[in-house]
Each structure stands twice: as structure tokens, then as C-alpha cells.
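Values below: every heavy atom of this structure, side chains too, minus hydrogens, waters and symmetry copies. Atoms within a ligand are numbered from 1 in the order they appear, just like the ligands themselves.
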Amino acid sequence: MTTISSIKTVWKHRHLLGLEHLSAEEITLLLDEADLYAAHAEAGRLKHQVLSGTLVAQLFFENSTRTRSSFGLAARRLAADTLDFTPSSSSLSKGESFIDTAQNLVAMGARIVVVRHCVPGTPQLLTKYTDASVVNAGDGAHEHPTQALLDLMTIRQRKGRIAGLTVALVGDILHSRVARSNIWALKKLGARVVLCGPPTLVSDRWSKLGCEVYHHLDDILPEVDVVNVLRIQFERQRSALFPSVSEYFQLYGMTRRRMEMGRPEMLLLAPGPINRGVELTPEVADGPHSAILDQVTNGLAVRMAVLGLIQGRQAPPLE
Ligand code: CP
């Protein structure tokens with residue numbers, strides 16, 4: 001078990017802005033902490049006095065179901081107070097700036113700010129203007145660190161390891177912050193990462209990050225241990241990058257036939273939201289290989305681990 005002194009030796013960050021600059025040891029510590037919170041939950045111990053009296057502010061400038069809900073729940077499970085800011089009904093409409101808005105929320109006592117924004121680098125910017133801890137809940141196409149952590153937690157749960165596995169990220173890699181965070185974390189923990197999608201969404205330059213690039217999904221499936229199906233991010237595309245959704249589905253959609261081309265124990269992940277009939281069929285989404293809802297469950301434990309560690313607090317030991 002990780003001790004308090006080893007946590008302080010390994011983890012020295014006040015913020016979680018991405019996974020690119022974390023070490024394998026730091027990522028493993030986050031996953032171990034998340035496993036500990038998950039084990040407590042399994043044993044019926046849902047609430048912990050880890051962040052009692054701490055105010056966590058959520059600033060979501062893009063829509064979210066999973067990330068926003070689970071950060072809020074994670075904070076409350078750690079006995080923190082929460083402040084959920086909604087841009088559309090705020091004084092942003094009266095001309096107040098993003099930075100002024102954040103500073104006002106911190107002035108109410110927020111010690112942690114969880115931020116999602118369409119502009120890459122926004123969480124980093126916030127660290128310059130407030131003294132709160134900042135957590136990146138997704139910044140444009142840059143990073144979505146807690147999504148990648150929950151993906152890795154789910155892989156470790158199901159496969160027992162990350163090192164040596166072949167993990168395929170399929171779909172809209174170009175616009176995907178989930179892909180970037182997954183690539184950094186999977187490579188650091190020793191996985192082989194293969195990227196697959198249309199050349200307009202997965203160019204060969206991705207191989208500079210140590211990934212293998214493919215454009216024919218059927219060719220790679222027999223070698224894959226985990227396939228992570230990424231959503232087509234139409235909202236970030238400025239022009240059509242493939243002829244039609246139905247053609248995309250024919251070439252890259254996960255169907256029962258494609259699942260049967262993989263290894264019998266191939267694991268299927270998808271960060272959500274999923275678009276049934278675009279990236280995967282309903283029977284694959286709900287089928288025996290799918291861990292999509294386990295990912296969501298694990299997201300809560302991951303976010304508890306992150307909120308605790310950036311405040312220098314660890315999960316209570318198992319009894
Ligand atoms: N996967 C993910 O980030 O989902 P939300 O956009 O619903 O938070």
C-alpha cells in the first residue's frame with residue numbers, strides 16, 4: 001500500500017492540467033488512489049472526510065454530462081462544498097471577463113477550480129490569475145486528463161496491467177483531447193498505441209508521438225487488446241473531413257462482425273457521449289466486451305483521487 005510519506009515523495013503538484021508532463025510513477029499513484037476509493041465504495045464506504053471545509057468550484061464553458069456530474073459528486077463524497085457555475089445565466093452576458101469571473105469565485109473561498117473550456121490552455125491560464133488549484137476537465141482538443149485516467153483504470157481492472165497491451169484509439173484523433181491524454185498516459189505506462197481513422201482525422205505525423213498510424217481498421221483488429229472508440233467531434237470540424245456518416249460507419253464503425261475479428265477477450269471502451277450507429281452499433285455498445293458504463297463508474301473514483309491529491313490528501317487505508 002502507498003504510504004503518506006511516499007505519496008508526498010511522488011506527488012508534488014497543486015494542479016492537474018494534463019498528463020503530458022506527469023511521470024509514469026505519478027500516473028500510477030493516481031490510479032492506485034482511484035482503486036482505493038473504488039474499493040471503499042465496493043465495501044459501502046462512500047463518504048470520506050478528506051476535503052472537509054474545502055470549496056470546489058466548477059466552471060464548465062462546454063456541455064458535459066459525465067465529467068461535470070462526477071466531479072461534483074466526487075467533491076461531495078470527499079466532504080467538500082461545491083459551487084457549480086453556469087455561464088449562460090452568469091454575468092458573462094454583461095461583459096464580465098473569464099478571468100474576472102474565476103477570480104470572483106475564488107474570492108468566495110474556492111480552493112479548487114475545475115474548468116472545461118473550448119480554448120486549449122485555459123486551465124493553465126487560470127493558474128496565473130488565481131491561487132486556487134486548477135483541474136483541467138477538458139480544454140479544446142488539447143487534454144482531458146481525468147478521462148484518460150478513468151480509461152486506464154478500467155483497462156487495469158479488466159486486464160490487470162497496461163504495459164505490453166496493444167490499445168487502439170479509433171476515430172476522430174485530430175480533434176480529440178481524450179486521444180492526446182490517452183496517448184501520453186498509455187505510452188508512459190508501456191502500452192503499444194495504434195491510431196486508426198480516415199487520413200483526414202489521423203495523419204502520419206501522429207507517429208512522432210510514438211504511436212502507429214493505420215487507416216484500415218479491419219487490418220489491426222486481430223492484434224488489439226483494447227479498442228477505444230472516439231466520437232466524431234462535428235462541433236470542432238470546420239469542414240467535412242469524410243464524405244458521409246454512413247461511409248464513416250462502414251469503414252470505422254464497431255460492429256459485431258468487427259468485434260468478432262478481434263481477440264475473444266478484446267475490451268471495448270468509449271469515452272462518451274456515444275453516438276449509436278455512427279461510431280458503434282447498439283449491440284456492441286451494450287455487448288459483453290463493452291466496459292462503457294464501468295468507465296463512468298471509475299470516473300468518480302478517479303476524480304476523488306485527483307481532488308484529494310492536489311490538496312495533498314490521500315484516500316483512507318482499507319480496514
Ligand atoms: N467523456 C466526457 O468527457 O463526457 P462529458 O462531455 O459528458 O463530460
Side-chain angles (χ1 to χ4, degrees), residues 16-20 30-31 34 56-77 82 84-88 112-123 134-155 157 167-186 197 201 226-237 254 267-276 278-280 284-286 290-307:
L16 181 70
L17 304 179
L19 301 183
E20 179 178 359
L30 280 163
L31 296 176
V56 179
Q58 298 213 80
L59 279 75
F60 274 62
F61 288 81
E62 280 187 342
N63 292 342
S64 168
T65 296
R66 282 145 289 270
T67 314
R68 184 174 186 158
S69 307
S70 64
F71 264 118
L73 185 54
R76 291 189 292 278
R77 289 271 168 96
T82 54
D84 208 2
F85 169 81
T86 303
S88 59
I112 301 175
V113 176
V114 179
V115 62
R116 169 173 286 192
H117 204 285
C118 63
V119 176
T122 300
V134 177
V135 180
N136 181 0
D139 61 331
H142 175 225
E143 282 225 40
H144 190 350
T146 56
Q147 177 65 47
L149 289 168
L150 72 88
D151 292 343
L152 268 70
M153 179 179 176
T154 308
I155 296 171
Q157 255 173 10
V167 180
L169 305 175
V170 177
D172 186 355
I173 309 296
L174 177 65
H175 300 99
S176 177
R177 54 196 178 205
V178 176
R180 284 167 179 80
S181 290
N182 261 273
I183 290 167
W184 295 124
L186 288 166
L201 296 177
V226 181
V227 58
N228 194 343
V229 181
L230 305 180
R231 187 173 63 85
I232 300 296
Q233 306 214 7
F234 292 107
E235 73 274 22
R236 297 192 208 285
Q237 296 183 9
M254 285 306 296
L267 184 65
L268 177 104
L269 304 181
I274 57 170
N275 288 316
R276 294 167 186 260
V278 179
E279 296 100 17
L280 73 179
V284 168
D286 303 327
S290 170
I292 293 173
L293 292 179
D294 289 350
Q295 290 172 266
V296 178
T297 304
N298 288 337
L300 178 57
V302 158
R303 288 163 182 136
M304 290 170 80
V306 168
L307 294 176

For ligand 1, which atoms, with element, lie under 4.0 Å from some heavy atom of [X]?
| X | result |
| --- | --- |
| Gly272 | 1 (N), 2 (C), 4 (O) |
| Gln147 | 1 (N), 2 (C) |
| Pro271 | 1 (N) |
| Thr65 | 5 (P), 7 (O), 8 (O) |
| Thr67 | 2 (C), 3 (O), 4 (O), 5 (P), 8 (O) |

Do [X] and [Y] come within less than 4.5 Å of each other through their side chains, counting heavy atoms only?
| X | Y | result |
| --- | --- | --- |
| Asn136 | Arg177 | no |
| Val278 | Arg231 | no |
| Pro271 | Asn228 | yes |

Listed partners of Arg68 passing side chain to side chain donor-acceptor pair (under 3.5 Å), at least two apart: Asp84, Thr86
Qualifying residues under side chain to side chain donor-acceptor pair (under 3.5 Å), relative to Arg276, sequence neighbours excluded: Asp286
From the candidates His144, Arg66, Arg177, Glu62, the one that places a heavy atom nearest atom 3 (O) of ligand 1: His144
Sub-4.0 Å heavy-atom approach of Gly138 to ligand 1: no
Approximate separation, where rounding is to 0.5 Å, of Asp294 CG and Thr154 OG1: 6.5 Å
Cationic tip of Arg116 above Phe60 ring, under 6.0 Å, 45° of axis: no
Region of Arg116 engaging ligand 1 - heavy atom pairs below 4.0 Å: side chain
Distance-only N or O hit between ligand 1 and Pro273, under 3.5 Å: no
